[in-house]
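Here, residue 1 is the first one in the sequence, and each next residue gets the next number. Whatever order the structure lists ligands and atoms in, that order sets their numbers, starting from 1.
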Amino acid sequence: MGTEKANGVSKHGIASKIPAEAHPLSEEPTEIASNINYHAQFSPHFSPLKFEPEQAFYATAESVRDRLIQQWNETYLHFHEANPKQTYYLSMEYLQGRALTNAVGNLNIQDAYADALNKLGHQLEEVVEQEKDAALGNGGLGRLASCFLDSMATLNLPAWGYGLRYRHGLFKQLITKEGQAEVPEDWLEKFSPWEIVRHDVVFPVRFFGQVQVNPDGSRKWVDGEIIQALAYDVPIPGYKTKNTISLRLWEAKACATDFDLFQFNDGQYESSLQIHSRAQQICAVLYPGDATEGGKLLRLKQQFFLCSASLQDIIFRFKERKEGKTPLQWSEFPSKVAVQLNDTHPTLAIPELMRLLMDDEGLGWDEAWDVTTRAIAYTNHTVLPEALEKWSQSVMWKLLPRHMEIITEIDKRFVELIHSTRPDLEDKVNSMCILDNNPQKSVVCMANLCVVTSHTVNGVAQLHSDILTSELFADYVSIWPTKFQNKTNGITPRRWLRFCNPELSNIITKWLKTDEWVTNLDLLVNLRKFADNEDLQAEWAAAKMANKKRLAQYIHEITGVSIDPNSLFDIQVKRIHEYKRQLLNILGAIYMYKKLKEMSPEERSNATPRTIMIGGKAFATYTNAKRIVKLVNDVGSVVNTDPEVNNYLKIVFVPNYNVSVAEMLIPGSELSQHISTAGMEASGTSNMKFALNGCLVIGTLDGANVEIREEIGEDNFFLFGATADEVPKLRKDRENGLFKPDPRFEEAKEFIRSGAFGSYDYNPLLDSLEGNTGYGRGDYFLVGHDFPSYMDAQAKVDEAYKDQKKWLKMSILSTAGSGKFSSDRTIAQYAKEIWNIEECPDCRDEMI
Ligand code: 26V
């Protein structure tokens, strides 16, 4: 199998003593090096004469993949034999980021790989940097799905993730003089070593067509267009367990037979390939623009494509299963299958499951409804009205006629249920039912369909779940009081502490005398008793400084701005949205800048030096969000080049925020901003990542901030702003002209108007903070109301930072109090309280 022939390329050449031999499962560094060399030599992708860091990455990843495939095969063989109930997580988004560090870390072979690469003349840290992020997501919802997969694998749960294999994920953000520009992200430019194409797993997905009524009254969806869904499996290894589950991503392709050879030979090249082009559109990008009818139709196609392919796959697997020798009854489906809808994006799984059960499997309505409602559960991730999906009924009838029949029937039965059992809710029927038949709208309300059908509906932090039951879904609660739950989000401690912050991890392991915290994050609480210990504080400070220096170097490389590692590193990174109030942050920074300018040099020398970093993508059509990006950049250009103050304040916009950038920023952060208008951020998960890494939070009582503050202690949290309860009255007061702006707020806005940051027209942004009425006007997000308390909280931050001993204690207590926010805890709760599944470890041979 092996060969002694090795290339002798100079600098990054493969050491000639290392043979190119397959040792797929060896843990011995020399054999791992051989295996990497083997992949480099025989790779179909690269010349064997080159072994630069890029080739080293692909060869290393392929060698890691060998072992993943083996564990993954054994895991599913084991599931097949053990036949447990399995969970299927349906999500339009996954933000996997890079996989190499995570894979060697979870497989517990990091040191052996570092050693092996050394033997080949490379550094693991350098090689991992070659990998492109798999950015098949937009924000917290997508990263949550990826953290959940890591926890499901680690907890030995029988689970699958289902998603779409977007050719380009979310756009790549460039920052130009004009602000944000979007260019396509190209994670598949070369190839992804982590996916395994499954030519044996292909399902047809139909679009358009019509409903045929058979003589026996049964119905069948026929004609239209068929696109094939081809599976790509990405193995997801658990941490220090053999359990390796699948993220199954669907790609759309046309049937080979759909190629019109006659037309092609007739010179009609484009029309002969039309269906291929339509297939390619489906998985081209995440969130294609939906301003046009075509764009809306494409998004709906994407959602249905995910739902239909995944459910056909789930049903196929269910039918394969036999208890003893007899096939399972359909009524047993919910005791083998739990389907979780990640927000409303995969709602079409509901009518698709009903259709497959009735039209393909011959079940009656009642039986199919019983199975569907016992199998499907729904997680809500937002209360923002514009993000609650509503699809045009006419588009739906055109694309999915049979599904619309089914939805109409679900709606009819629900309305009848209210009429017959709950006359007190008569006047609420219009807002509760699924079809909004108001001729101006004529839409399908996806959240309502989810709530009516799902056996469980959950919010993602306690406050958010309370808002769901008391406001958004309050009327349903009186019908189904036990349907609603809370599952506070979590993050995986592997990626978000153990691997991204090895310096701090080692200190934690040393002081706790165990590394079990990596799978039992509650153990962090034992750091509390050392919070005042000077030795720990010194080590803690040194780790933070090392991470800050690394971050400063990165910022310099990508933006050209030099930042001082001795200044307070203050970070806000998340999608740019008005409710997240990056505008509050930058207005605060502008005010700080103005005050620094007004100070005498002596006064200034007392100021706490600060570096404010802001990053995040603005949705391409969200004009105000893009104006905010532009403003941050413009303010940064002025402040950073102002010699009078730039030793005290720097403002940096961090371009193209993604998972890898987060892994660089979070360990080096000291203050992070989670400053949404109370009641609007469902949870937030970066707040958990920052707190876990010993970063203090300035924030409102919103989403998971509430629980973070509870856990780490109110003295260790810089709180400000209105509470969710106060927000409605404050908006009313504002409408009634009762709002009196703080002079500091007026001063900051005036400074922008004065042209201090250039001639760009910021009036539309500033206008959004004025006026008294309407959504999006009249300062709906209460920036003006919260500004003074925000500035007061920032002054407390400045003071606290001057006392480094106190600051370090607060930092240690932040980490110590973050145990609750492990996604292992969240997933264990989903498994027990929603999915009713149990762990299913493969104990046949020793765990790694
Ligand atoms: C999406 C969009 C897209 C179009 C522009 C307006 C808009 C506004 C909000 C959304 C949010 C969609 C759902 C979502 O991503 N929710 C996030 O889910 C996270 C995981 O549960 C949670 O931590 C975040 O608070 C929540 O915003």
inquiry  = Please list the nearest protein heavy atom to atom 7 (C) of ligand 1 with its residue and the distance rounded to 0.1 Å.
reply    = Ala387 CB, 4.0 Å
query = Does the pair Glu833/Lys487 count as a salt bridge with the N-to-O cut at 4.0 Å?
reply = yes
Salt bridge flag under 4.0 Å for residues Lys580 and Asp702 = no
key: Protein contact of atom 26 (C) of ligand 1 - nearest heavy atom, named by residue and atom, plus distance   = His381 O, 3.4 Å
inquiry  = Can you tell me which portion of Thr379 lies within the under-4.0 Å heavy-atom range of ligand 1? Options are side chain, backbone, both, or neither.
reply    = neither
ask   = Tell me: protein heavy atom nearest atom 25 (O) of ligand 1, and distance?
value = Glu681 OE1, 2.5 Å
inquiry  = Whether the Gln303 and Arg299 side chains hold a donor-acceptor pair (N or O, under 3.5 Å, no angle test) is what I'd like checked.
reply    = no
query = Which of the atoms of ligand 1 are close to Val460, meaning less than 4.0 Å from one of its heavy atoms?
reply = 21 (O)
query = Of all the heavy atoms in Arg143, does at least one lie under 4.0 Å from an atom in ligand 1?
reply = no
inquiry  = Do Asp786 and Phe720 have side chains that approach each other closer than 4.5 Å (heavy atoms only, starting at C-beta)?
reply    = yes
ask   = Considering only heavy atoms of Tyr579, which atoms of ligand 1 have at least one such atom less than 4.0 Å away?
value = 27 (O)
request  = Identify the heavy atoms of Ile675 and Gly699 that sit nearest to each other, and give their distance.
outcome  = CG2-CA, 4.3 Å
request  = Using a strict 4.0 Å cut-off to heavy atoms of Asp343, name the atoms of ligand 1 that fall inside it.
outcome  = 13 (C)
key: Least distance between heavy atoms, Leu306 atom then Pro346 atom   = CD2-CB, 4.4 Å
task = Report yes or no: does Tyr287 have a heavy atom closer than 4.0 Å to ligand 1?
result = no
message = Geometry only, no angles: is Asn489 polar-contacting ligand 1 at N/O separations under 3.5 Å?
response = yes
ask   = Would the Tyr762 and Tyr760 ring centres measure less than 6.0 Å apart?
value = yes
query = N/O to N/O below 3.5 Å, does that happen between Lys580 and ligand 1?
reply = no
query = Any idea which protein heavy atom is nearest atom 15 (O) of ligand 1, and the distance to it?
reply = Leu141 CB, 3.4 Å
request  = Apply the side chain to side chain contact (heavy atoms under 4.5 Å, CB included) test between Gln340 and each candidate in Leu90, Asn458, Thr456; give the one that qualifies.
outcome  = Asn458
request  = Report the part of Arg575 (side chain from C-beta onward, or backbone N, CA, C, O) that has a heavy atom under 4.0 Å from ligand 1; answer both or neither where that applies.
outcome  = side chain
inquiry  = For atom 22 (C) of ligand 1, what is the closest protein heavy atom, and at what distance to 0.1 Å?
reply    = Gly684 N, 3.7 Å
message = Looking only at distances, can you tell me whether any N or O atom of Glu386, backbone or side chain, sits closer than 3.5 Å to an N or O atom of ligand 1?
response = no
ask   = Would you call Asp522 and Lys820 a salt bridge, taking side-chain N to carboxylate O under 4.0 Å as the test?
value = no
query = Could any protein non-hydrogen atom be found less than 4.0 Å from atom 4 (C) of ligand 1?
reply = no
task = Apply the test salt bridge (Lys or Arg N to Asp or Glu O under 4.0 Å) to residues Arg734 and Asp779: give CA-CA distance (whole Å), side-chain angles for both, the deciding distance (0.1 Å), then the verdict.
result = CA-CA 8 Å; Arg734 171 115 208 181; Asp779 195 12; 3.6 Å; yes
ask   = Going through the checks in order, is the side-chain hydrogen bond (donor to acceptor under 3.5 Å, both in side chains) test met by Asn342 and His381?
value = CA-CA 8 Å; Asn342 196 24; His381 292 269; 2.6 Å; yes
message = Within the 4.0 Å heavy-atom shell around Ala682, which atoms of ligand 1 are there?
response = 25 (O)
ask   = So, is His577 polar-close to ligand 1, with some N/O to N/O distance under 3.5 Å?
value = no
